[in-house]
There are 2 protein chains.
Amino acid sequence: MEAVTIKDIARALNLSTSTVSRALRDSYEISPETKRLVMDYAERINYQPNPIALSLKENRSRVLGVIVPQIANNFFSQAINGIEAVAYERGYHVIIMQTHESLEREILTVQQAVARRVDGLLISISSQTTNVAHLQAIQQRNVPIVMFDRVSAEMDTPKIVADNFGGSFAATEHLIQTGRRRIAFVAIPPFMAITQDRLAGYQAALSQYGLPYDEDLVRFVGFGEHELAPIIDQLLDLPHPPDAFFMAFDRLALGCMTALRNRNVAIPEQVSLIGFTNISVADLLDPPMSTVVQPAQEIGHTAAERLIELIELKQKPSAPLPTRPNPVSIPNQLFIRESTRRGV
Amino acid sequence: MEAVTIKDIARALNLSTSTVSRALRDSYEISPETKRLVMDYAERINYQPNPIALSLKENRSRVLGVIVPQIANNFFSQAINGIEAVAYERGYHVIIMQTHESLEREILTVQQAVARRVDGLLISISSQTTNVAHLQAIQQRNVPIVMFDRVSAEMDTPKIVADNFGGSFAATEHLIQTGRRRIAFVAIPPFMAITQDRLAGYQAALSQYGLPYDEDLVRFVGFGEHELAPIIDQLLDLPHPPDAFFMAFDRLALGCMTALRNRNVAIPEQVSLIGFTNISVADLLDPPMSTVVQPAQEIGHTAAERLIELIELKQKPSAPLPTRPNPVSIPNQLFIRESTRRGV
DNA sequence: TTGTATGCGTTATCAT
DNA sequence: ATGATAACGCATACAA
């Protein structure tokens with residue numbers, strides 16, 4: 001069974017395709033009877049306009065490109081969830097592409113998205129991305145871009161991020177308020193804004209509570225498989241070791257928990273542990289880990305809204321670009337989880 | 001900067017669009033010099049063929065529709081990862097849509113996908129889906145469908161599923177071999193094949209080891225928020241309570257762990273717990289939970305391969321449909337995790 | 001109120 | 001070896 005077109009309707013009803021087209025779009029210049037006739041028939045044979053033909057005509061695809069490092073990652077899958085919800089509601093579809101933390105893949109993927117004629121791009125850059133020329137290039141080709149979570153200071157686009165400074169401040173503050181004094185801070189290398197912001201929040205909290213900033217306690221770890229454990233070991237082996245760990249990234253927080261367990265370091269008796277995470281089972285971890293949870297879904301939601309706004313603004317070049325605070329930051333939630341370990 | 005078309009190239013080079021088109025496709029009927037001229041120029045001005053125009057002409061979109069209950073779910077996001085990898089490699093893109101476990105949404109979503117002219121559909125049906133008329137309808141419209149994970153016996157399509165029987169058998173066998181005799185089995189309502197298969201694996205293991213099948217120990221729980229805890233309570237309060245819990249679904253396994261914790265039931269001292277799960281941090285749970293892990297990525301991979309095969313077969317109607325075992329089942333992995341809880 | 005013709009970007013068919 | 005034209009499905013400017 002082939003798809004039915006306007007032509008089929010026109011032929012069946014002895015009308016021209018333009019009449020049918022206009023009737024279907026409820027144009028004022030078509031008589032009510034003809035409209036009814038056409039509409040009914042279209043309904044009956046289950047006519048569905050071909051969006052591809054429309055796209056060609058209108059030079060828009062109604063597709064948003066979403067580029068993330070990984071789909072199979074709690075933060076990003078939740079963000080995509082938020083994006084998809086908004087897109088669906090506004091009549092857009094979402095094409096999802098992964099970079100696998102590779103700049104090379106990211107460049108290819110961005111080109112692919114443009115080649116696919118997406119109406120706009122939502123991107124969270126890979127950890128390798130220190131140069132954003134590929135993004136600036138497509139921006140010059142007039143493709144609206146919104147960045148989220150992993151954003152670059154060098155891009156002049158809307159940016160939707162979690163309140164990384166605030167979340168980091170709150171986590172550090174919590175540790176201080178529960179009596180910790182030597183708080184290790186571990187993050188990924190600091191060329192991404194997200195890292196810088198989290199470091200700044202940590203520093204600000206220390207400063208506000210009159211604690212010294214000790215560079216020995218601040219470490220940056222790459223994306224290799226086995227890079228974290230030695231760093232945790234080094235920290236524990238310091239002459240004056242930390243009494244708390246603040247792990248500024250999801251993966252690091254979970255890795256730290258494993259590393260501490262392997263070293264038989266008790267939490268929170270010996271050291272306290274808090275991390276940014278987006279896993280849904282943080283309660284069930286051993287021990288339950290206090291976490292700063294980023295509002296992934298809301299970030300996706302906001303980013304998609306902003307992008308669609310940009311896209312639809314582009315259609316009517318009359319309207320002025322609205323000025324907005326940039327980047328938009330969305331509050332994190334801080335979950336303090338007490339150990340519920342049962343007595344033995 | 002507008003997108004450059006074949007016309008632009010033709011105009012610039014004083015050629016006809018057909019010559020340019022042929023040159024770009026490396027047709028034998030174009031002179032080498034012209035080819036080089038066109039290719040070089042196209043390269044220089046960064047010509048990208050418009051896939052929308054191609055789609056219209058070729059009546060195919062090179063898009064796969066993927067319909068899942070939720071994106072933000074470890075199993076599905078991993079499966080999508082597998083799908084995306086294959087699609088990318090084969091020159092397809094993936095549009096992802098969610099049903100949120102609602103049949104109503106599923107019906108709408110399937111229609112949307114067809115309206116979008118996807119070349120084929122990968123679907124994992126919602127838990128509400130007891131009737132598959134909407135899928136049969138689009139199958140009659142000649143849209144290739146492959147089902148994965150949550151499949152329906154009433155659909156005549158390729159089906160890619162985990163080895164639910166085998167995984168369930170292995171989990172039950174493990175519990176028996178570690179000395180458990182009264183093994184509770186909890187699953188979602190049994191109209192989905194996936195549930196039936198898991199129940200059958202459980203029954204088969206009991207039978208093989210000469211244990212009785214006790215209906216009191218088998219429970220089905222719906223998708224409500226607070227349905228599980230009372231069921232766990234009931235089981236624990238039986239005159240002859242279970243000494244092990246086998247939770248046949250991810251969500252149930254995690255919920256059971258919480259419920260047992262709330263009841264202060266020690267694992268594995270008092271009861272053993274094993275579940276199907278796809279979370280990546282199962283090691284870090286308290287206690288570490290033994291799990292049957294479905295090969296989500298491989299399921300996605302296989303499903304996408306099968307779908308693309310169907311799609312490309314449809315193009316050349318000469319070739320016969322290959323007969324394949326149906327459904328295809330992919331082995332699970334059983335992870336036995338010993339408690340590593342440190343002494344206090 | 002309805003019909004005819006044109007164009008969106010591309011390729012296939014049929015000239016030349 | 002290259003060019004002109006039609007067609008994919010739709011919307012619209014222009015005619016009637």
Side-chain angles (χ1 to χ4, degrees), chain A residues 1-39 41-42 45-63 91 114-119 141-142 315, chain B residues 1-39 41-42 45-63 91 114-119 141 315-316:
Chain A
M1 187 164 119
E2 280 307 296
V4 30
T5 74
I6 274 191
K7 260 189 203 167
D8 299 324
I9 302 180
R11 201 176 316 122
L13 266 42
N14 253 316
L15 292 169
S16 74
T17 58
S18 38
T19 303
V20 173
S21 172
R22 281 184 280 232
L24 288 172
R25 322 198 85 240
D26 204 18
S27 161
Y28 67 98
E29 37 185 3
I30 298 294
S31 75
E33 307 87 64
T34 311
K35 270 187 200 168
R36 159 141 277 113
L37 193 68
V38 171
M39 302 265 216
Y41 185 73
I45 66 172
N46 192 25
Y47 167 77
Q48 313 253 75
N50 184 332
I52 295 173
L54 257 190
S55 289
L56 182 60
K57 181 138 225 342
E58 298 183 351
N59 199 28
R60 57 142 59 183
S61 58
R62 289 202 161 271
V63 169
V114 175
R116 265 270 161 192
R117 304 300 200 265
V118 297
D119 285 345
R141 294 181 62 175
N142 211 15
Q315 313 290 327
Chain B
M1 186 167 121
E2 280 306 296
V4 28
T5 74
I6 275 190
K7 261 190 201 165
D8 299 324
I9 301 179
R11 202 177 312 122
L13 264 42
N14 252 315
L15 291 169
S16 73
T17 57
S18 25
T19 304
V20 174
S21 172
R22 279 183 284 228
L24 289 170
R25 324 195 84 238
D26 204 21
S27 161
Y28 67 97
E29 36 184 3
I30 299 292
S31 77
E33 308 87 64
T34 311
K35 269 187 201 170
R36 158 142 277 114
L37 192 68
V38 171
M39 301 266 216
Y41 184 73
I45 65 171
N46 192 24
Y47 166 76
Q48 312 252 72
N50 183 330
I52 294 173
L54 260 188
S55 289
L56 183 61
K57 185 138 215 358
E58 298 182 350
N59 198 28
R60 56 138 65 183
S61 58
R62 288 205 163 270
V63 169
V114 174
R116 265 268 161 195
R117 303 303 200 261
V118 297
D119 284 346
R141 294 181 61 173
Q315 314 289 329
K316 358 181 173 177

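Convention: sequence-line order gives letters A, B, ...; per-chain numbering from 1. Predicted, not measured: the structure shown is a model, and the values here were computed from it.
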Smallest separation among heavy atoms of A:S61 and A:D119, with atom names: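 Heavy-atom minimum between the residues: N-OD1, 2.8 Å.
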- prompt: Of all heavy-atom pairs between A:R117 and B:P49, which one has the smallest distance, and what is that distance?
  reply: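 Scanning both residues completely, I find the closest heavy atoms to be NH1-O, 3.8 Å.
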Tell me: [atom1] of [X] to [atom2] of [N], nearest whole Å?
X	N	atom1	atom2	value
A:I30	D:dA11	CD1	P	13 Å
A:N50	D:dA7	CG	C1'	14 Å
A:I6	D:dA11	CD1	C1'	8 Å
B:Y28	D:dA1	OH	P	9 Å
B:L56	D:dA6	CG	C1'	13 Å
B:E58	D:dG9	CD	P	13 Å
A:N59	D:dT12	CG	P	14 Å

At under 4.0 Å between heavy atoms, what does [X] touch on the DNA or RNA strands: base, sugar-phosphate, or nothing?
X	result
A:S31	sugar-phosphate
B:I52	nothing
A:D8	nothing
B:S55	nothing

Please report the interatomic distance [atom1]([X]) to [atom2]([Y]), rounded to the nearest 0.5 Å.
X	Y	atom1	atom2	answer
A:L56	B:K57	CG	NZ	12.0 Å
A:N50	A:I6	CG	CD1	10.0 Å
A:Y41	A:D8	OH	CG	7.5 Å
B:L24	B:I9	CG	CD1	5.5 Å
A:S21	A:R25	OG	CZ	6.5 Å
B:Q48	B:T5	CD	OG1	13.0 Å

Phosphate-side-chain proximity, [X] and [N], N/O vs OP1/OP2 below 4.0 Å:
X	N	answer
A:S18	D:dT12	no
B:K57	D:dA6	no
B:S16	D:dG3	yes

query: A:V4 or B:E29: which one's nearest nucleotide on DNA chain D is closer to the 5' end?
result: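 In this pair, the answer is B:E29.
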- prompt: When you match B:R22 and A:T5 each to their closest nucleotide on DNA chain D, which lands nearer the 5' end?
  reply: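 Its nearest nucleotide lies further toward 5', so the answer is B:R22.
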- prompt: If an axis is fit to five pairs at each end of the helix from C:dT1-D:dA16 to C:dT16-D:dA1, what is the angle between the two, to the nearest 10°?
  reply: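 It comes to 60° between the two terminal axes.
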- request: Identify which nucleotide among D:dC8, D:dT5, D:dT2 has an atom closest to any side-chain atom of B:T17, counting heavy atoms from C-beta outward.
  value: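 Within the option list, the nearest is D:dT5.
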field: 5′-ward residue of the pair A:R117/A:V20 relative to DNA chain C
entry: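 Nearest-nucleotide comparison on DNA chain C picks A:V20.
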task: Could you give me the CA-CA distance, side-chain angles and deciding distance for B:V114 and B:R141, then say whether side chain to side chain contact (heavy atoms under 4.5 Å, CB included) is met?
output: CA-CA 9 Å; B:V114 174; B:R141 294 181 61 173; 4.1 Å; yes
field: For chain A, the stretch of DNA chain C it reaches, first to last nucleotide, under 4.0 Å of its heavy atoms
entry: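 Span of nucleotides near chain A: C:dT1 to C:dG9.
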Side-chain donor-acceptor contacts of residues 30-37 of chain A below 3.5 Å, not counting sequence neighbours, with atom names and distances?
unit_1, atom_1, unit_2, atom_2, d
A:S31, OG, A:T34, N, 3.2
A:S31, OG, A:T34, OG1, 2.7
A:K35, NZ, A:D26, OD1, 3.1
A:K35, NZ, A:S27, O, 3.0

